Amino acid sequence: LPVGYTVSYGGQFENLRTASARLKIAVPIALALIFVLLYFAFDSVKEALIIYSAIPLSAIGGVFLLYLRGLPFSISAGVGFIALFGIAVLNGIVLIEEFKELKAHGIKNINKRILMGTNNRLRPVLLTAAAAALGFLPMAISTSAGAEVQRPLATVVVGGLVSATALTLIVLPILYAMFDRQGKTPKLNIKNKALPLFLLFLLPILSFSQTRAITAEQAIEIALENNNAIKASANKVTQSKQLVGSALNFDKTEIYYQYDENNIAENGQPIKVFGVNQSIQFPTIYGTQRKIEKQKTQLTFQEHNVNQLILKKEVYQAYYNVVYRTNVAKQYTYLDSLYQQFSKAANKRYDVGETNLLEKLTAESKQKEIALMLSQSKENIEKAYLNLNKWLQTDSTYVVAEQSSPLLQLADWNASENPGLQYFQTAKELSQTTLSLERQQLLPDLQFSVFSGTNNGINAKNYSGFQAGVSIPIWFMANKSKINAAKTETMISDNNYQNYKIQLESKYKSLHSDLKKYEEGIIYYNSTGSLLSKELTINASKAFKNGEIDFLQYVQLLESSSTIEINYLQNLYNYNATILELNYLTY
């Protein structure tokens, strides 16, 4: 392949690989838990083992029916076996409980006890197996969409239950008779105090089963779904959308009742008045307020986009930092193995008098130095994982899937599409709309009133009327101050926009200059450095074994080879980190 190209398999093959690895952990754990629960249920290792025999008996039928139907073993079939094992032990539990019940009622003859127990529990055993088998039968014969996943699982369960039921009725009574004649088997000594220790031992196994290898893109998806800062940012956008409806906000409606003795009607009675009064701002103000709320929503949405981009950049950098630290640790692991061999060889040569003490001490010191670097590299890996999990914010344990850092690609430069620049542009527009709103506050408010009056006594009449008016701001110094402040805010927003634009272009040029520097280091390694590093290591080892160079020269050659590899890893990591920064500025 050309330099910089690698082959990796993904898609369904990658899913199969990871699921198979997970199944190798899940099946033993399931089997162990079944046995533990059986022991706790019967408080006897003997009876737990007898019932546990149903598991291999059920596996026979599952495998046999898969073979007859021409179905290969798959992940869904593996899951089916786990389900089958749990169902199969039910028949054993039913039989053993019946045998124990008959023994407690005084039936000492074991043959009579087995015949009576099997006869009494034949119908429940068949019913238990038939109910589960018939429930899975439609899945086993299904031909609809998704049947390729259902058929292996259901086939395993149906076939396994048939064999487990038939063989359990024959094999399990025989095993029970054998164990019962041999006497009481010693119980497993698990005291109440030891149970918490057992659970503590089991918890790491269960937690390890949740470990999952993820790609960089999968890490991004997990972070976007679980990161609380992104959730808060998204909720802020929702909150801003909800406030758009608050733009159309009328003053409270006034409902009043008036009893006026100074205002006498024709019949000499005072008038009672009922009325409704409403004040509204000038109509254009409500449209401007709605525009402001929409711009605020757009501002929070752009802020949310910026936060998402920052999170993606940080997750990518944290992910590839783990890959980089892992590869550095591999390099030191390789060197450590060489120096360990060297140190042993130097000690042997010193013991037989072929070398001096200085060479022995140098070999030991170099070996310890590399071992220390290896230990520090492993600690750096743990620290890198902590940094990655800081952004993922999930309880599950994840490991990186990539074994080597890819060479990331630079996106096309378009400053106008930068979310930060768009954010400041929207902030400018918001400040201008706010200035327009402050100016419109000088417009008069409108008032409307509708009322109806009546009097009591002889010749009572109803009186109605309406009133309309305007409220004109006479003292407008406060409004003028707010208008001046809004003008200043527009200048501040424009200054922030221009400053961010200049800083953006300057940072892009600076990062692009750094990118060329790291790219030169990568090109050197791919064209010359990689081959030179391998030749240095191979030829130095041959020359040292043949006695052509001394130990110190050999160490210097190894360090030169190691320096080339580590410098390449450093250049590649810095190159990708710079690409991530540039892409963050681009889109």
Side-chain angles (χ1 to χ4, degrees), residues 1-7 320-384 402-407 516-577:
L1 294 174
V3 175
Y5 287 81
T6 58
V7 176
Y320 289 121
N321 186 33
V322 174
V323 177
Y324 163 67
R325 298 295 180 185
T326 304
N327 288 328
V328 170
K330 288 180 180 179
Q331 186 67 26
Y332 282 124
T333 301
Y334 170 68
L335 290 176
D336 183 61
S337 64
L338 288 181
Y339 279 111
Q340 282 183 357
Q341 296 174 6
F342 238 176
S343 180
K344 293 178 182 178
N347 286 328
K348 290 181 180 179
R349 293 176 62 189
Y350 176 76
D351 292 338
V352 297
E354 293 182 359
T355 185
N356 54 31
L357 180 61
L358 179 61
E359 181 174 324
K360 174 189 173 184
L361 294 176
T362 303
E364 290 178 351
S365 64
K366 278 294 180 182
Q367 190 273 324
K368 292 179 180 179
E369 179 183 352
I370 295 298
L372 177 61
M373 291 181 178
L374 176 59
S375 177
Q376 292 175 342
S377 297
K378 292 179 179 179
E379 292 175 356
N380 288 334
I381 293 174
E382 294 180 3
K383 184 178 179 180
E402 280 88 347
Q403 297 300 317
S404 60
S405 298
L407 198 65
K516 291 181 180 179
K517 177 178 63 176
Y518 301 133
E519 189 176 15
E520 290 174 357
I522 295 173
I523 292 174
Y524 160 74
Y525 177 82
N526 290 331
S527 60
T528 306
S530 177
L531 182 60
L532 179 61
S533 173
K534 293 178 182 178
E535 290 182 349
L536 279 174
T537 303
I538 296 173
N539 293 325
S541 299
K542 290 181 180 178
F544 180 73
K545 290 179 181 179
N546 296 332
E548 298 174 2
I549 58 176
D550 59 18
F551 177 74
L552 293 178
Q553 291 175 319
Y554 178 70
V555 169
Q556 291 175 350
L557 292 173
L558 282 183
E559 289 182 345
S560 298
S561 174
S562 175
T563 301
I564 293 174
E565 295 292 337
I566 293 177
N567 285 343
Y568 164 71
L569 293 175
Q570 182 68 48
N571 283 325
L572 180 59
Y573 173 72
N574 290 334
Y575 178 88
N576 286 336

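It should be emphasised that the depicted structure is a prediction, and the values quoted were computed from it without experimental measurement.
With sequence neighbours excluded, the residues that form a side chain to side chain donor-acceptor pair (under 3.5 Å) with Q570 are Y324, N574. Legend: residues meeting side-chain contact (heavy atoms from CB on, under 4.5 Å) with Q340, ordered by chain and number and at least two apart, are D336, Q367. Residues passing the side-chain contact (heavy atoms from CB on, under 4.5 Å) test with N347, sequence neighbours excluded: S343, K360, E364. Listed by chain and residue number, Q403 satisfy the side chain to side chain donor-acceptor pair (under 3.5 Å) test with K330 (two or more places apart in sequence, or in another chain).
Pairs passing the side-chain hydrogen bond (donor to acceptor under 3.5 Å, both in side chains) check and including a residue from residues 559-568, sequence neighbours excluded, read K366-E559, Y525-E565, S533-S561, S533-E565, T537-S561.
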Scan the side chains in residues 370-377 for donor-acceptor partners under 3.5 Å anywhere in the protein, sequence neighbours excluded, and list what turns up.
{"residue": "S377", "atom": "OG", "partner": "M373", "partner atom": "O", "Å": "2.8"}

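Annotation for N571 and G521: closest pair ND2-CA, 3.7 Å, computed over non-hydrogen atoms. Closest approach of P406 and N576 over heavy atoms only: O-ND2, 2.8 Å.
No side-chain heavy atom of V328 sits under 4.5 Å from any side-chain heavy atom of N380. Between Y332 and I566, the closest side-chain pair of non-hydrogen atoms falls below 4.5 Å. L572 places none of its side-chain heavy atoms less than 4.5 Å from the side chain of N327.
Separation of atoms OG1 (T326) and CD1 (I381) is listed at 4.0 Å; rounding is to 0.5 Å. Atom CD of Q331 and atom CD1 of I564 lie 10.5 Å apart (nearest 0.5 Å).
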